[in-house]
Novice: 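Have a look at this one.
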Amino acid sequence: MFVEHIIKILNNSLLDLKKEGLKIEFEIDNSLLEKPQKSIHGDYACTIAMKFAHKLKLKPIDFANSIVEKIKDDHIIDKVWVQKPGFINFSIKNTALVEQVNKIIEHDESFGDFIRPSKEKIQIEFVSVNPTGPLHVGHARGAVIGSTLANVLESAGYIVEREYYINDAGKQIKLFNDSLFARLLEILGKENEFPEDGYVGSYVVDIVKEFLEKNNHVVENFDHENIYDRLSEFGMNYVLDSIKEDMKELKVNYDVWFSENDLYKNGDFNEAIDLLKNNGSLIDLDGAVWFKSENDDNHKVVIRSNGDPTYFASDIAYHYNKFIKRKFNKVIDIWGADHQGQIPFMKSMIEKIGIDKDNLNLLIYQLVTLKRDGEIVRISKRTGDLITFKELIEDVGSDVCRFFFLSRASESQMEFDIDLAKKESEDNPVYYIQYAYARICGILRLADEKGIDYSNPDLNLISENSELDMIRKMITLPEVILKISETLGPHQLTYFATEFANSFHLFYQNCRVISEEDLEMSKSRLRLVQAAKVVLAKYLTLMGLNKPERM
RNA sequence: GCCCCUGUAGCUCAGUGGAUAGAGCAUCUGACUUCUAAUCAGAGGGCCACAGGUUCGAAUCCUGUCAGGGGUGCCA
C-alpha cells in the first residue's frame, strides 16, 4: 500500500539527515501521515515537520525542505512538495494508481482484508435483550452496530465470534413467567392475581393462547407446578424464536446463543465468586454480599440478602467465562446508554478476575426515542406500548433500516420518526449506493452480451480525472476497515461508501464505457468498472446490505 | 448533588490536533435521442451553544457556564 511506501521513504530520508548530524530520535508512523481534504494538497501529507521541528530548533518549513531534499526519484511518487507551515505533500503517479485496478480484481471478495499472524480472538456481544417480549425499534440499533462491527473486525483479520446473551435467569424472567401463568388462569376462568409490574402486553395473551392450542389436555389434568414450568418453557422458546426470526430479517447472524442459566449449572458462577472472595474483592454487609469499591463506599450488591444473585453477579460469572474459560483476547459488549452506569463496576471487576481492563470494551449507544404522529412515544416492554422490530422492517425494509441506524455515530442520540421514515424510505441514501451497483452490473451485463473480453486491457489508457479519482477512492477501503477496527465506529462505512458511489456516478456521467469507436478504451474502462464492482460489493457486504443487480 | 453522552447549514447528521469546516434532505438554476436521470454539474445557506485556556495550528484537547438526553447501590 502507498501509505507504507511513503512512510518508508520518509524514514529513509530521516536516516540520511541523522547521518549528517541531526539529532533525530523519532520515527514516522501512520499517525503522521494523513489524507488531505483538498486534492490540490496531493494524495498524502506528512505533518512531521510541524510536530518535531522545535525539538531540532528548526523552523517547520526548513525541516520539511531538508527532508524533501533527501527524497529520490521513485516509481510510485509523482511529486513531493512542501507547503505553508510545513506540510510535506505527496502525489501518486497515475501508472501506480492504475496498477491497483488489477490488484483489486485479483483480491476480489478479500480486497481490503488484513491477515493478522497473532490470530486474536474477539467476542462481540450485542442486543442480548431479556427474552420476555418482542424486540422493538430501539434494539435494532444495537443489532445493526454489532453485526456491522463484527463484519469489519473479521475483515481486519480478527477471529470474531458474535454472541447473544440470553437472560434466562433472574427476576425479570420470573416476572414474565408469572404474567404468563396469571393470563393462563384468567383464560381458564380460574382465580388469579396479575403480578404487580407484570408484563401486560397483548403478546403475553397470544403466547398463552398458542400454548393452550398445542396443549389441549392441560385443562383436564391441571397440575399447578407442572403447568407453570411447561408454560414458562413454552413462553421462552416462543419469544426466542421470534427474536431469531427478527434478526434473520435484519441480516444479523449470531454464532452463539449463550444462556445465563448455564453459568449456574456449569459451575462458572461459583468459580468466579470464589475467585473474588479469595482475593478480597467481596465484602459482607447488611446480610448481602457486595463487590467492594476501592475509592469510596459505593459498593455494589452481588448476592442479595435473600440469597438471590443480582444481574451483576451473572455478569461477573459471564465475563469470567468469556475471558478465563473461553479465552477471548478481547471482548466487546454493546450496550444501550441505560446501562452506562455499570461501566465502572465492570471495568473494576475485570481487573479483579485478573484481566487487563482494556481488553473489555463497553461500547455504548445512545437511546433511540420514537416519534409517531409528531409525538414522542415512550417505549416500555412491560406496558406493551411498543413499535416492534418486525413492524419496522416490514414497513421500510431491512436495507433502509440498517442504513439509517448505521449512519449515526453510536454516541449520538437519535430520534426515530416513524412517519418520516416511512415517507422518506423511497429516497433514502442507501439507494444511491445500490443504484451505483446496479449500474455497474448493467454495464458488465452489456459487455458480456457483446462478448467483449476485458480480462487484460491496456490500463494506461485510463487518464481522466474522474477515472483516477475513483481509483483513489477504491484504495481507501483497506484504510477504512483498519480505522473502523480501531475506533469501533462502524458508521464511517456509510460515509465512505457514499463517497465511493459518488465517484462512480461521476465517472459514469463523464466517461462512456462501452463504445464501438474505441474498443481498446472500452476494455480498459470495463476492467475499471469490474474493480469498482469489487469495492462496492465489499462495502455493501460489510454493511449487511443487499446487492441489487437491477433497480 | 454526582457520573456518562450530546450541542456543527432551515432539517437529519459526518468531521476523535492540520490547509478555505463537509454530506444528504429541503430551496433555486442547468444537463436525458445515453452502458438505468433512483444520476450529474452549479448556487445560496455557518459567531462549529457560550466564555476562557493549552500551541506553530482547536469544531476537535483542558476548565467553567448554559441547554437536551441517560444513569445514580438488594431493577435489568
Novice: Strictly below 4.0 Å: does A:Y435 bring a side-chain N or O up to OP1 or OP2 of B:A38?
Specialist: yes
Novice: Go through B:A76, B:G70, B:C40 for me and flag the one nearest to the A:L506 side chain.
Specialist: B:C40
Novice: Would you check if A:I7 and A:L33 make a side-chain contact, meaning some heavy-atom pair closer than 4.5 Å?
Specialist: yes
Novice: What pairs of residues pass the ring-ring contact (aromatic ring centres under 6.0 Å, His included) test when at least one of them lies in residues 23-44 of chain A, not counting sequence neighbours?
Specialist: A:F26-A:F52
Novice: Ignoring the backbone of A:V301, work out which of B:C13, B:C35, B:C74 is nearest its side chain.
Specialist: B:C74
Novice: Can you find a side chain N or O atom of A:Q83 that sits less than 4.0 Å from OP1 or OP2 on B:G18?
Specialist: no
Novice: Take atom C1' in B:C48 and the same atom in B:G22, then report the distance between them in whole Å.
Specialist: 12 Å
Novice: I'd like to know if A:Q340 reaches the base of B:G70 with its side chain, counting only an N/O donor and acceptor under 3.5 Å.
Specialist: yes
Novice: Donor-acceptor pair under 3.5 Å: do we get one between A:N428's side chain and the base of B:A38?
Specialist: no
Novice: Please list, in numerical order, the residues of residues 514-533 of chain A that have a heavy atom closer than 4.0 Å to any atom of RNA chain B.
Specialist: A:I514
Novice: Below 4.0 angstrom from OP1 or OP2 of B:C74, is there any side-chain N or O of A:N306?
Specialist: no
Novice: Specify the separation, in whole Å, of atom CZ of A:R408 and atom C1' of B:C13.
Specialist: 6 Å
Novice: Answer with yes or no after comparing the ring centroid distance for A:Y432 and A:H505 against a 6.0 Å cut-off, counting only values under it.
Specialist: yes
Novice: In the structure shown, which nucleotide is the Watson-Crick or G-U wobble counterpart of B:U72, with both distances under 3.5 Å?
Specialist: B:G1
Novice: With C1' as the reference atom in both, quote the distance from B:A9 to B:G52 in angstrom, rounded to an integer.
Specialist: 27 Å
Novice: Which nucleotide, in any strand shown, forms a Watson-Crick or G-U wobble pair with B:G24, with both distances under 3.5 Å?
Specialist: B:C11
Novice: Suppose you measure atom C1' in B:A49 against the same atom in B:C5; what distance do you get, rounded to whole Å?
Specialist: 16 Å
Novice: Distance check, C1' atoms only: B:C50 and B:G45, in whole angstrom units.
Specialist: 23 Å
Novice: Quick one: side-chain contact (heavy atoms from CB on, under 4.5 Å) partners of A:L367, sequence neighbours excluded?
Specialist: A:A337, A:D338
Novice: Side chain of A:Q413 only, please: which of B:C4, B:G68, B:C13 is the nearest?
Specialist: B:G68
Novice: Does a distance-only test, which skips hydrogens and angles, find a donor-acceptor pair under 3.5 Å between the side chain of A:S305 and the base of B:C74?
Specialist: yes
Novice: Can you classify the ring geometry of A:W257 versus A:Y164 as parallel (below 30°), tilted (30 to 60°) or perpendicular (above 60°)?
Specialist: parallel
Novice: Distance-only, no hydrogens or angles: does the A:R141 side chain make a donor-acceptor pair with backbone N or O of A:A143 under 3.5 Å?
Specialist: no
Novice: Mind checking the C1' distance from B:G53 to B:G10? Whole angstroms is fine.
Specialist: 34 Å
